[in-house]
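We name chains A, B, ... by the order of the sequence lines, and we start the count at 1 in each one. From a predicted model like this one, the values you see are computed outputs, not experimental measurements. Only heavy atoms go into these numbers, but all of them, side chains included; no hydrogens, no water, no symmetry mates.
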There are 2 protein chains.
Amino acid sequence: MAVTGDCAREPAAEMFDLANFLPYLLNRAGARLAIAWTQESRQLGVALQEWRVLAALLSRQPQRMSELAAMTTIDRTTLSRLVSRMEENGLVSRGRSGEDGREVQIELTEKGVKVGNGMLPLAGRYENTALEGFTPAEARAFKDMLKRVFDNLDRL
Amino acid sequence: MAVTGDCAREPAAEMFDLANFLPYLLNRAGARLAIAWTQESRQLGVALQEWRVLAALLSRQPQRMSELAAMTTIDRTTLSRLVSRMEENGLVSRGRSGEDGREVQIELTEKGVKVGNGMLPLAGRYENTALEGFTPAEARAFKDMLKRVFDNLDRL
DNA sequence: TATTGTTATACTCTATAACTATA
DNA sequence: TATAGTTATAGAGTATAACAATA
């Protein structure tokens, strides 16, 4: 029992270098970004998760609920209610489109497109600030690495 | 009204490349990691946020609440109750240490050290899986970039 | 029977603000 | 008065499971 209160603290000191632990770095950077974005985007009346849905749909629409959930990494049950709220606020519309009657197609309304587009300059600023001091080649390499990490994590 | 249902969808198609938007990539990679870790670490009886506290303290202890909050990016009010829960579970101990009577020093108990150390192999596996296919130099560069991004975001 | 999406529940996280105690 | 930490409350996210409708 090497390890109590006052004396031997090596077991903790011994080994864990949090500052170079990838999950820590990833979470830390992501959290700082989310906090800043949450504060700014609230003034625009759009919560972070709502912006994620808007951004996903700005990038491609319409999308089914399951596609949208995968793209935004938002839980399906959460997304269902989130989309309901956004529907009430007139940002998106739900429609059952043709082929498979179970599927729901989500689409931006005119207002949703306008609000989403209005946030793009802010998004651009975040992109630029985050990558300040990066050369274009570095930025590309960094993003590619993030994608590789994402794919690698599939194997967990 | 350029932008409804069927016809003109350029405004959305026009411009937003989510797949290369840094905040998106960062959140996506972080979320996938968090989801996988949450599932696995629950079997060990330790929630993700609890692991973050353990890891921070394994890396350096004792720490004050505010240090711990900064290191884990966990909100202070959340952290306060989280630490209370962990105290009840015998993982950490709170102590008011000397100099400034307002400060609270958090420390791992013997059990906390044991549980934390027991999770290190799992942490190592995550690190390795996430960085599969990276050369050591790439991994180092990637982590340095993450740190730069984190620092850049301070300016937002 | 399997899949897509919704709803219910209970728990946790977050944000704000009010509070205690130290300084 | 300012700071470190706690607590209260309300709103939002998450996990599980149950459910409806469709396939």
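A donor-acceptor pair under 3.5 Å is absent between the side-chain atoms of B:Thr72 and the main chain of B:Arg52, judged by distance alone.
In this structure, B:Arg76 places its CZ atom where only 12 or fewer heavy-atom neighbours from other residues, nucleotides or ligands lie under 6.0 Å away. By the 6.0 Å contact criterion, NZ on B:Lys114 is open, its count of non-hydrogen atoms from other residues, nucleotides or ligands being 12 or less.
The stretch residues 86-94 of chain A does not touch DNA chain D, since none of its heavy atoms comes less than 4.0 Å from the strand. Within residues 64-80 of chain B, the residues that have a heavy atom under 4.0 Å from DNA chain D are, in order of number, B:Arg64, B:Met65, B:Ser66, B:Thr77, B:Ser80.
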Next on the checklist: Evaluate B:Arg96 against B:Val104 for side chain to side chain contact (heavy atoms under 4.5 Å, CB included), listing each step before the verdict.
Outcome noted: CA-CA 5 Å; B:Arg96 307 202 96 92; B:Val104 172; 3.7 Å; yes
Checklist entry - Is there a side chain to side chain contact (heavy atoms under 4.5 Å, CB included) between A:Leu54 and A:Leu108 once you walk through the steps? => result CA-CA 7 Å; A:Leu54 289 182; A:Leu108 292 170; 3.5 Å; yes
Checklist entry - Is there a side chain to side chain contact (heavy atoms under 4.5 Å, CB included) between A:Arg32 and B:Leu26 once you walk through the steps? => result CA-CA 11 Å; A:Arg32 166 151 300 183; B:Leu26 214 45; over 6 Å; no
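One atom, CZ of B:Arg52, and another, P of C:dT12, lie 16 Å apart when rounded to the nearest Å. Regarding A:Gln49, its CD atom lies at a distance of 15 Å from the P atom of C:dC13, rounded to whole Å. B:Leu48 has its CG atom 10 Å from the P atom of C:dT14, to the nearest Å. Regarding B:Arg81, its CZ atom lies at a distance of 12 Å from the C1' atom of C:dT16, rounded to whole Å.
For the pair A:Gln105 and B:Ala47, both in contact range of DNA chain C, the more 5′-proximal nearest nucleotide belongs to A:Gln105.
Using a 30° and 60° split on the angle between ring planes, A:Phe21 and A:Phe16 fall in the perpendicular class, above 60°.
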Next on the checklist: I'd like to compare against my own output: the B/S/- annotation of nucleotides 18-23 of chain D with a strict under-4.0 Å heavy-atom distance to protein.
Outcome noted: ---BBS
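The CD atom of A:Glu50 lies 6.0 Å from the CG atom of A:Leu82; values are rounded to the nearest 0.5 Å.
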